[in-house]
Amino acid sequence: MKYEFERIEKKWQDRWDAEQTYAARTDDMRKKFYALVEFPYPSGHGLHVGHARPYTAMDVVARKRRMEGYNVLFPIGWDAFGLPTENYAIANKVHPTKVTEENIQVFKKQLKMLGYSFDWSREINTTDPEYIKWTQWIFLKFYEKGLAYKEKMPVNWCTSCKIVLANEEVVDNACERCGSPVIRKEKSQWMLKITEYAQRLLDDLDGLDYIERVKVQQRNWIGRSIGADVNFVTTAGDVLQVFTTRPDTLFGVTYMVMAPEHAYIKKWADRIKNYDEVRSYCQQAGRKSDFERTEMAKEKTGVKLSGVRAINPVTGEEIPIFISDYVLATYGTGAIMAVPGHDTRDWEFAKAFGLPIIEVVKGGNVEEAAFTDVETGMMTNSGFLNGLEVSDAKKTILKWLEEKGIGAPKTNFKLRDWVFSRQRYWGEPIPMVHCEKCGYVPLPEDQLPLLLPDVESYEPTDNGESPLAKVRSWVETTCPRCGGPAERETDTMPNWAGSSWYYLRYADPHCSNAPASPQALQYWTPVDWYNGGMEHTTLHLLYSRFWHKFLYDLGVVPTKEPYLKRTSHGMILGEGGEKMSKSRGNVVNPTDIVKRYGADTMRMYIMFIGDFEKTAPWSTKAVKGCKRFLDRVWNLGETVQEGGRYSEKTLRAIHKTVKKVTEDIEAMKFNTAIAALMSLVNDFTANGVNKADMKTLLKLLSPFAPHIAEELWEILGFEGMACVSRWPEYDESLLVDDSVQMAVQINGKFRGTITVPADSGEEVVTSAALQLEKVSRQLRNMRIIKTILVKNKLVNLLIQPL
RNA sequence: GCCGGAGUGGCGGAACUGGCAGACGCCCGGGACUUAAAAUCCCGUGGGAGCAUAUCCCGUACCGGUUCGAGCCCGGUCUCCGGCACCA
């Protein structure tokens, strides 16, 4: 009989559906295992091989854990709000709801074709009114706790489309769609205070089982700097505060710099004699985009304030103050003390403006470059700090600053608060009302969900407001507080909102009085294993950790962290090693592969393609290799012997394979697990196989290729289903062979192999080695001075002329 | 510039804790089956010298070190990929 993958796969998918084989049960005595993959954005392009890799990987893990006796929750849903759908709706004049529905149908069909063991009864959709309700509810809680606030922010503004662009829509400082230049424009935006949680988001990483590169990237993104705030008295009679990580270099401060946006510029307007020049520099800097500002990084520009100077608190000397755009308004205090001898940027600025450079830490040549080393070096030209090591100088100066009341220790973070407003249609409406009298008033909880109104067109207005602003009947409302006339907020939430808590909803997807019931959360959370893309490390992953911690503080969730373990997959490139893209015409559609070779082959290949964490190029030829493998497995099914003896060697091979596959799946070394299965199948093909061993093979194969495993399982008359059978165990004593092949080396050079009983001692091994012709020849007129034996591996004879 | 990761056959990639480098698969070559082709099966396959399945040499980006022994450890160099980017 031929391996009819199409018929077999359909048959078992229908059966699993009908029998709800993969439904997770909340009332269960078994140990739970919550496996999570990033839910897809249902775009119009359909499923991509980029989805298949991580989904198959976690499906393999989930299936294996299920067979090991865990109560497994492996859910799926739709992250359905977002720009592409909105743009498609605009272009084709269809409602985004309709587009979303259609896309979901396509995705669902494609996912089912791949045979994933998702619990479809828990399917969720972020655009579902019941889901929106809880996303909005969480926002109201943020507002209630003072963590949601409104602030004027520079936004990306396309000069041609006249709309606000998300950062992702800005490519090389131009509009992604029309290519026109993008400038910065001030706009009032809703913000979430993620910075309030910076310290905890950083500290709690230590206890998590995330792959190292994820931790590192999050740490860098949060960017903690430990230093001090220092106050400089100015000749204007006030105090200019700076943040520095190097208070030890205070004696080397020869000037100060303020950001062009610094509030003191206006405050000192009357004193600054060159105010016009200063103002024009500031305006110029403001017009520059972030991109231009960093592009210009090579050349330092700035203007010296004339009329106001500062006093170095340790030397008492007057120093000039500059305005320069190399100082950022948004970090620290927006002003710095410049130490050109020991900071590269200050050094460049000092060189450009002819300012004095003083060496205060020995170790470099400050005439040639700033000496920035903090590990070594002794203080010099630094009064009472002279002769101290940098680390001691830091402590001493901090104490001194605190005693004098002019400085204090301070920790700063790079992390910025989260811009939470989008001037778009297809997102959750922000549930706030603006009243002339009461200001911003939150919508009462019983009015949730606040749904999007039906509109004629989804284009943003030409003044940058959300399309919702045009729907007067929706915008005009009454103030929940005073009952007077009021207007709804017309900004919507970013697509990161719904994905910040979706893993909680899976625990209890139909809960009507909370995001999920406390009992369900108690049982299922935290997520045991979450796999997703590296590109989500600093946005989605960090955002959801932030929401989770906030919900923990509210008492809504029982754990401090949402995900215990985080792994990440590499990208799949096109056939030639280039990125897959429509324009290159090298996009692989998983559905095509499934139709041509079957889902099991697709699954095998995507797992066999290479190291799971690394990028790997697609190869259709190699796909065929996996198909051949499954064909061989299928043929084995027809040659299985009822009973029969198998060789001792094969028995050991089976046990070794069980161990290898068991361990490799947990380590996400799917490629070597499959290689081991291939070797075993080669053994079976060559030596024959009996029913019991075939059963073990089918169990091991089931997570990777569930359909063929199930079909052969049934044909061979085994009970129940392979996917819920007991995962095989291995016998430690059968992992080692009775006799082993060992390498023989002479003076470290490989000379041949010998076969000896396992665990043989030096005497046995040496005498076996001496029987090798090559060895005895080498030993002529020589004597052995030392024998190095590595048990069951190798023997190295060190020899010397007689 | 800073942080992280990686350099192994014609290709994707294996290699435990420092112990026979190249598992497994692809490609390729030879053979069997076939009228023929496809499919399948068997054999070979890192490079070089050699009639040789004798024997020998070379070989894990490069230079050096430690070691009986290094793809793996240490010091330095180069290249590629990813992230951040004037964060004081």
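Just the heavy atoms: all of them, side chains too, but no hydrogens, waters or symmetry mates, feed the values below.
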Here the pair of heavy atoms bringing D248(A) nearest to A393(A) is CB-CB, 3.9 Å

chi for G9(B) classified (syn = within 90 degrees of 0, anti otherwise) as syn

K621(A) has its side chain closest, among C26(B), G19(B), C24(B), to C26(B)

Rounded to whole Å, CH2 of W221(A) lies from C1' of G82(B) at a distance of 14 Å

So for K624(A) and C26(B), does any side-chain atom that can act as donor or acceptor lie under 3.5 Å from a complementary atom in the base? no

Between C68(B) and C63(B), how far is it from one P atom to the other, in whole Å?
23 Å

Next item on the list: For G65(B) and C72(B), measure between their P atoms and round to the nearest Å.
Entry: 14 Å

Indicate yes or no for a side-chain donor-acceptor contact from S324(A) to the backbone of T301(A) under 3.5 Å, with no hydrogens or angles considered. yes

Residues N586(A) and G574(A): closest non-hydrogen pair is ND2-CA, 3.7 Å

The Watson-Crick or G-U wobble partner of G44(B), with both key distances under 3.5 Å, is C28(B)

To the nearest angstrom, the OH-C1' distance between Y597(A) and C26(B) comes to 13 Å

Check your understanding: Using the ring of each side chain (for Trp, its six-membered ring), is F612(A) parallel, tilted or perpendicular to H569(A), with breaks at 30° and 60°?
Key -> tilted

In whole angstroms, the gap separating C1' of U67(B) from NZ of K749(A) amounts to 16 Å

Rounded to whole Å, NZ of K793(A) lies from P of C72(B) at a distance of 18 Å

| said: Check the phosphate of A14(B) against N671(A), side-chain N and O only, distance under 4.0 Å to OP1 or OP2. Yes or no? | reply: yes

| message | Rounding to an integer number of angstrom, what distance separates C11(B) and C3(B) when you compare their P atoms? | response | 33 Å

Side-chain contact check for A675(A): nearest option of A23(B), A14(B), A88(B) is A23(B)

Which of A88(B), C3(B), C24(B) is nearest the side chain of F608(A)? It is C24(B)

Fill in: Any K774(A) side-chain N or O less than 4.0 Å from OP1/OP2 of C56(B)
yes

C20(B) phosphate, OP1 or OP2: any side-chain N/O from N796(A) under 4.0 angstrom?
-> no

Closest of C3(B), C86(B), G25(B) to the V216(A) side chain is C3(B)

Side-chain atoms of V790(A) come closest, of G19(B), C24(B), A88(B), to G19(B)

In plain terms, say whether E613(A) and R213(A) are close enough for a salt bridge, that is, a side-chain N and a carboxylate O under 4.0 Å apart.
-> yes

Taking the P atom in each of A61(B) and C57(B), what is the distance between them to the nearest angstrom? 22 Å

Checking N1-N3 plus N6-O4 or O6-N4 for Watson-Crick, or N1-O2 and O6-N3 for wobble, each under 3.5 Å, the partner of G18(B) is none

Of the candidates A88(B), G25(B), C20(B), the side chain of R632(A) sits closest to G25(B)

Result for 5'-nearest mapping on RNA chain B, choosing between M571(A) and T672(A), is T672(A)

For C80(B), the nucleotide meeting Watson-Crick or G-U wobble distances (both under 3.5 Å) is G5(B)

When I336(A) and D611(A) are each assigned the nearest nucleotide of RNA chain B, the 5'-most assignment goes to D611(A)

By the Watson-Crick or G-U definition, both distances under 3.5 Å, G50(B) is matched with none

Side-chain atoms of K300(A) come closest, of C86(B), A88(B), G19(B), to C86(B)

### Cationic N near anionic O, under 4.0 Å, D206(A) to R219(A)
yes

Among G13(B), C20(B), C24(B), the one nearest any side-chain atom of P617(A) is G13(B)

Quick note, R213(A) side chain, CB onward, closest among G13(B), G19(B), G4(B) is G4(B)

Here the distance between atom P of G4(B) and atom CE of M534(A), to the nearest Å, is 13 Å

Atom CG of D346(A) and atom C1' of G1(B) are separated, to the nearest Å, by 16 Å

In whole angstroms, the gap separating C1' of A15(B) from CD of E663(A) amounts to 15 Å

Quick check on C27(B): is either OP1 or OP2 less than 4.0 Å from any side-chain nitrogen or oxygen of R628(A)?
yes

The residue among F670(A), Y597(A), W618(A) that forms ring-ring contact (aromatic ring centres under 6.0 Å, His included) with Y605(A) is W618(A)

Testing C56(B), A15(B), C20(B) for proximity to the side chain of K669(A), the answer is A15(B)

Between CZ of F750(A) and C1' of C56(B) the distance, given in whole Å, is 14 Å

